[in-house]
Amino acid sequence: MMTISSSQTNNTVAAGKVWLVGAGPGDAELLTLKAYRTLQSVDVWLVDDLVSDDILALAPTHVRIVPVGKRGGCVSTAQGFILRLMARYAQSGLQVARVKGGDPFIFGRGGEELAWLRDRGIAVEAVGGMTAGLAAASALGLPLTHREVARGVAFVTVHTADGTTHDWQTLARSGLTLVCYMGMARKEQLQWEMLQGGFAADLPVAVVERVTCRNERSLVTTVGAMAADISAAGLGSPALLIIGKAVAHRVSMQRGSAQPGCTVSGVAEAVEILAV
């Protein structure tokens, strides 16, 4: 009679897992507690190009950090390679964090990656983060919605996979505040399309570069002047454009010395306090 020794089962590789972690817009104090705890517990970080130095400084010494940056107009890591790398690490029994700026499911390919991993039987979980569009509102002191002038907000990307554009006429009639991602490289084309679509030339626009990071910069302009004003100010990617009447209700913010950017010890201390 054949017997199977227990040593065969001991050689089985423990199941790994992938975490799609939203690292927020840059300020480490805006990282969620769940994201922080996840990042402390995993073996590998696969890090987006938009993840700030303040977030990277939180990495424990045992973690392997692998840059897998993707930036428009720059040399980027192929998405297919990133998918295979996540799978390889997880199938080796490691806990893997795919660390993304903002939120994984707002222009972060989180949905694609989640489906790809699950289709291959790889355990995966998502941890949400604060998207830059929300952080910009607080950082600049402007509302995205306002009872009198803006009854909703729409997050849109100016850079589309198939090169198509939005129905700007419908968006202009909607009265929604628009938060435009990935629009800096096409700012002249964006301005032209919006004016052709019926947006008023004097409609307020807020532009913010590297929101909540130590080198954050911003300006307030109008649809008719935004391309020229952005160029004159030297603003570049990564940046957001917030467009709508609500921008006119901006209130200048007086920030404390801890913002933007925070100390690593401050985040760790907060976690320890809440864990008690």
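Hydrogens, waters and symmetry mates are skipped; everything else that's a heavy atom, side chains included, is used. Bear in mind that the values here come from a model prediction, so they are computed numbers and not experimental data.
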Residues S52 and D54: side-chain donor-acceptor under 3.5 angstrom: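 No, no side-chain donor-acceptor contact under 3.5 Å.
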
Same cluster (ILVMFWY, side-chain, under 4.5 Å), [X] and [Y]:
X	Y	value
V205	V208	no
I242	I106	yes
I243	M182	no
I122	L85	yes
Y36	V47	yes

Before you tell me yes or no, could you show the steps for E125 and T38 under side chain to side chain contact (heavy atoms under 4.5 Å, CB included), namely the whole-Å CA-CA distance, both residues' side-chain angles and the distance that decides it to 0.1 Å? CA-CA 11 Å; E125 185 172 335; T38 300; over 6 Å; no

Would a distance-only check, ignoring hydrogens and angles, find a side-chain to backbone donor-acceptor pair under 3.5 Å from [X] to [Y]?
X	Y	answer
Q91	G16	no
D162	T164	yes
K245	V149	no
E216	T212	yes
T177	L144	yes
W45	L39	yes
R217	A233	yes
H166	V158	no

How far does [atom1] of [X] sit from [atom2] of [Y], to the nearest 0.5 angstrom?
X	Y	atom1	atom2	value
R186	W192	CZ	CH2	11.0 Å
D49	S237	CG	OG	11.0 Å
M86	L20	CE	CG	6.5 Å
L30	S138	CG	OG	8.5 Å
Y89	R84	OH	CZ	13.5 Å
K187	S231	NZ	OG	4.0 Å

Mind checking whether [X] and [Y] have side chains closer than 4.5 Å, heavy atoms only?
X	Y	value
V156	C180	yes
M184	L241	yes
V223	L195	yes
L58	L31	yes
R109	R98	no
F155	L240	no
L178	W168	yes

Quick check: closest heavy atoms across [X] and [Y], and the distance to 0.1 Å?
X	Y	answer
A136	V211	CA-CG2, 3.5 Å
P104	G129	CD-N, 4.2 Å
H62	V42	NE2-O, 2.8 Å
T131	Y181	OG1-OH, 2.5 Å
G133	V179	CA-CG1, 3.8 Å
E113	Q79	OE2-NE2, 2.8 Å

Does NE2 in H159 sit with more than 12 non-hydrogen atoms of other residues, nucleotides or ligands closer than 6.0 Å?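 No, not enclosed.
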
Heavy-atom count around R151 CZ within 6.0 Å, excluding the residue itself: above 12?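 Atom CZ in R151 is not crowded, with 12 or fewer foreign heavy atoms closer than 6.0 Å.
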
Residue pair L190, M226: steps toward the side chain to side chain contact (heavy atoms under 4.5 Å, CB included) verdict: CA-CA 10 Å; L190 173 63; M226 67 182 191; 3.9 Å; yes

